[in-house]
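Scroll down for the structure; my scribbles are underneath it.
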2 protein chains.
Amino acid sequence: MPTLPAETTRVLGIDPGSRVTGWGVVERREGQLRLIAHGTLRLGDGPVPARLAQIHRGVNSLLSEHEPSAFAIEEAFLGRNVRSMMRLAEARAVAILAAEFATCPIHEVAPALVKKSVTGHGRAGKDVVREAVMRLLDWEPDATPPAYDASDALAISLCVLLRLAAPTALRLPATGIGRASRGRKRWTAADLAKHQAWVSNPEEGS
Amino acid sequence: MPTLPAETTRVLGIDPGSRVTGWGVVERREGQLRLIAHGTLRLGDGPVPARLAQIHRGVNSLLSEHEPSAFAIEEAFLGRNVRSMMRLAEARAVAILAAEFATCPIHEVAPALVKKSVTGHGRAGKDVVREAVMRLLDWEPDATPPAYDASDALAISLCVLLRLAAPTALRLPATGIGRASRGRKRWTAADLAKHQAWVSNPEEGS
């Protein structure tokens, strides 16, 4: 499997959808988070089996290209619309299958935990999630922001990276770092350590 | 793809489940239905991704071994339990993916249509379905009956074979052939033709 430098964790996060599947690769080395790549797979209007094959092949290519040490995806959750929930379950399944075949460890995380981990809020909107993702990854101020599908996938990767670094329960209060530090600033290794300390023990130091 | 004799349609039916996945291969040649093989994939208690991989690999092997000209599976349907519904959607997706990769034409049929096609009843129980399957396939009287998961899969194959032979709408009345002819008898090509004529036009000849 991966031939990453020691002390490196690289996570491929997938935000599956039957029309568009977002993806994002983030790594953590020497306490520093780094964006590796992100994007979306656009699946078109073909029949469902063809789109499932596209997702599976697409994830497979991403695993080969980026050799992540972990694969991350949201847990199946209950939607309002049963049909779209089923389509989502199918998309998830074929993405997970690619990771399983690649013997890449699979992390399934609850959607609320993803949002909480990066923004401090379990019900944060897509724009707040994207903003938090861009801040955590030191997005260049004049670079194009990621598409929402991609920033959601990056948030899933970040959630797993932060959890792997601080595996205790993530009981984040509503006033998380995602809200406190709205102004753009570059995150240093010290900032990240502080964030992780806070993530692992939100009662203190916030 | 398949190198079947002319005028032969061979269908692999799959009844996916996250614990046991049933399968059945039936062919129709010169108006005669014939059982080719049937069985179950037992998936054990491993993690979900491992079980999905087993289903995908299992279906893949069946496609290679039996070279069906069509793949058949039930449409996703609403269950009482949302969690098991999601598990089922995942199992379906990875089975369908195998057929898509094998470029085997995929037929999705409604569960009620499967039951109706073989028994005349859209809500027939598993035992009635099995009995009808065994009759349609001239099961030897002293041979072991198929497991329910396998007979459900055979019913799916049979449904598609009957529909391909008689592609008009299957509007079967409640007193179908499955109920009328309870006694065991060997089905001849003439019986099958009669059944198909009845299937394609249930108002007449019943």
Side-chain angles (χ1 to χ4, degrees), chain A residues 12 14 16-18 21 41 43-44 46-61 63 68 70-111 160, chain B residues 1 12 14 16-18 21 41 43-44 46-61 63 68 70-111:
Chain A
L12 166 62
I14 295 287
S18 62
T21 285
L41 306 172
L43 309 169
V48 170
R51 282 186 270 143
L52 294 178
Q54 275 181 280
I55 294 171
H56 182 79
R57 288 198 173 110
V59 173
N60 202 38
S61 298
L63 289 162
F71 171 89
I73 197 162
E74 284 183 352
E75 286 171 0
F77 59 94
L78 307 187
R80 272 157 294 184
N81 178 312
V82 176
R83 180 156 292 277
S84 59
M85 204 170 82
M86 300 296 269
R87 285 284 100 94
L88 185 59
E90 293 168 355
R92 267 187 92 250
V94 299
I96 285 174
L97 189 68
E100 177 71 12
F101 284 162
T103 64
C104 186
I106 296 164
H107 296 261
E108 297 185 54
V109 281
V160 167
Chain B
M1 267 287 298
L12 166 63
I14 295 286
S18 62
T21 285
L41 307 171
L43 308 168
V48 169
R51 282 186 270 143
L52 294 178
Q54 276 181 280
I55 294 171
H56 182 80
R57 287 199 173 107
V59 173
N60 203 36
S61 299
L63 289 162
F71 171 89
I73 197 163
E74 283 182 353
E75 286 171 0
F77 59 96
L78 307 187
R80 271 158 295 185
N81 178 314
V82 176
R83 180 155 290 279
S84 61
M85 204 170 82
M86 301 295 270
R87 286 283 99 94
L88 184 59
E90 293 168 355
R92 268 186 90 249
V94 299
I96 284 175
L97 189 68
E100 176 71 12
F101 284 162
T103 64
C104 186
I106 296 163
H107 295 261
E108 298 185 55
V109 280

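All chains are named by letter (A, B, ...) in the order of the sequence lines, taking the proteins before the strands, and each is independently numbered beginning at 1.
Heavy-atom minimum distance, A:Glu90 versus B:Ala89: CG-O, 3.8 Å. Listed here is the closest heavy atom pair of A:Leu97 and B:Ala53: CD1-CA, 3.4 Å.
If you measure heavy-atom distances from B:Ile106 to chain A, the contacts under 4.5 Å come from the side chain alone. Within the 4.5 angstrom heavy-atom criterion, atoms from both the backbone and the side chain of A:Ala50 approach chain B.
Of the listed residues (A:Arg87, A:Arg83, A:His56), the greatest number of heavy-atom pairs within a distance under 4.5 Å of chain B belongs to A:His56.
The distance from the CZ atom of A:Arg51 to the CD atom of B:Glu100 is 11.0 Å, given to the nearest 0.5 Å.
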